[in-house]
Amino acid sequence: MENLDKQYVLPTYNRNYINFVKGKNATLWDDKGNEYIDFTSGIGVVSVGHGNERVANVICEQAKNITHISNIYYIEPQAKLAEKIAKLAEIKGKTFFANSGAEANEGALKIARKYGEIDGEIKRYKIITLRNSFHGRTITTVKATGQEKMHQSYFGPYPDGFVYAENLEDIYNKIDEKTVAVMMELIQGEGGVYAFDKEEVQKLAKFLKEKDILLIIDEVQTGIYRTSEFLASNLYEIKPDIITMAKGLGGGVPIGAIFTTVDVLKAGDHGSTFGGNYLVTSAALEVLNILEKYKDSGKLDENFIYFEEKLKEIGEKYPKLFEEVTGLGLMRGLKCKGTEIQDIIYKESHNNRVLVLKAGRNVIRFLPPLTITKEEIDEGFMRFENALKRMV
Ligand SMILES: *Cc1c(COP(=O)(O)O)cnc(C)c1O
């Protein structure tokens with residue numbers, strides 16, 4: 001497999017050469033029959049678990065009928081999904097469907113820029129983003145990402161108008177008369193699983209509203225019940241002007257969404273060939289039906305509490321390795337004492353057949369399927385602890 005991959009696929013990823021052939025909820029099997037516990041859900045994507053029967057059936061039925069017909073025509077599951085998103089978000093907004101997180105963010109930036117032109121005498125175009133943020137891999141969203149290492153000169157020139165704030169407090173300093181929006185994650189994912197303070201975020205949201213500066217919350221990773229509420233914005237009790245989603249929304253099918261109360265786009269302003277087609281929107285609608293029930297039944301919150309307890313236990317048991325447990329809900333980090341420890345734990349976890357992720361320079365990140373069972377959590381943490389054995 002390694003040879004085939006290396007010969008024909010561009011080498012943009014640091015791949016682990018494990019050939020997974022079977023999945024069930026948070027458990028995976030490779031081609032040699034080895035079993036793994038999955039604490040990553042494909043980077044927060046497979047929210048309802050691998051091999052989810054209900055989603056599989058919906059995809060199967062839809063695929064046998066119509067997969068795609070283009071946005072030139074009415075797409076019923078798309079409209080129903082948009083209705084569902086507005087209901088669960090508890091905001092009277094509308095949705096545009098894209099195919100990925102970066103694309104959703106790109107569209108959000110277009111909405112903000114248009115808003116900045118039609119509202120007021122001077123064109124407002126500046127977008128403030130945060131240090132250590134992550135917003136995607138297109139040229140514009142790379143520039144929106146507040147990490148210097150992402151702004152390689154060989155991809156330049158980049159679009160203008162992005163301003164980086166060191167932290168929430170610094171956003172106030174960076175605002176000027178050309179500022180149209182602030183774009184941020186509520187919990188920085190790739191940057192190291194760092195959750196911002198709820199009251200500070202609320203204060204900022206209120207301030208921006210008064211100044212008529214749009215608040216764009218990138219919920220590509222935090223959205224879709226990852227933090228226990230449908231959106232982290234619900235948990236933080238804010239009503240942003242624009243919210244972007246992707247990862248967990250389709251349960252594995254590629255889908256992104258821009259959900260907004262800023263109704264400035266007109267026909268022709270934006271579009272996507274694949275965006276919101278029958279296949280992905282019918283799958284995502286089933287994902288949301290499943291997770292809504294799961295939340296209402298109390299099982300989701302039980303899972304959160306159980307996972308958090310186990311993780312905190314481990315974090316405290318090995319003070320030589322870990323500084324603290326970070327994040328919220330089932331988006332969690334174990335902050336390691338250094339990059340080297342992070343690297344070894346990451347590798348040893350794979351050797352012990354529990355999948356985890358890295359984030360930032362020193363964080364081991366956990367993004368299990370939301371439907372992970374207690375048995376899978378127990379088994380995963382047992383393996384994770386075994387992975388630490390070589391270091392303590
Ligand atoms: C993953 C991620 C993105 C990019 O999503 P893609 O689907 O890979 O384009 C953007 N923002 C955040 C917060 C993410 O976690």
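Indexing begins at 1, ligand by ligand and atom by atom, following the structure's order.
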**Side-chain donor-acceptor contact under 3.5 Å, Thr260 with Asp241** = no
**Request:** Could you tell me how the ring of Phe366 sits relative to the ring of Phe307: parallel (under 30°), tilted (30 to 60°) or perpendicular (over 60°)?
**Result:** perpendicular
**Asked** Does one side chain, of Thr141 or Asn105, offer a donor that lies under 3.5 Å from an acceptor on the other?
**Response** no
Between ligand 1 and the protein, which N/O pairs fall short of 3.5 Å?
residue: ligand 1; atom: 7 (O); partner: Gly101; partner atom: N; Å: 2.8
residue: ligand 1; atom: 9 (O); partner: Gly101; partner atom: N; Å: 3.4
residue: ligand 1; atom: 9 (O); partner: Ala102; partner atom: N; Å: 2.8
residue: ligand 1; atom: 11 (N); partner: Phe134; partner atom: O; Å: 3.2
residue: ligand 1; atom: 11 (N); partner: Asp218; partner atom: OD1; Å: 3.4
residue: ligand 1; atom: 11 (N); partner: Asp218; partner atom: OD2; Å: 2.8
residue: ligand 1; atom: 15 (O); partner: Gln221; partner atom: NE2; Å: 2.7
residue: ligand 1; atom: 15 (O); partner: Lys247; partner atom: NZ; Å: 2.6

**Message:** Does the Lys NZ or Arg CZ of Lys143 fall within the cation-pi geometry relative to Phe162 - under 6.0 Å from the ring centre and within 45° of the axis?
**Reply:** no
**Message:** Distance to the ring centre below 6.0 angstrom and angle to the axis at most 45 degrees; does that hold for Lys310 and Phe381?
**Reply:** no
**Note, Pro254 side chain near Phe274 side chain (heavy atom, < 4.5 Å)** = no
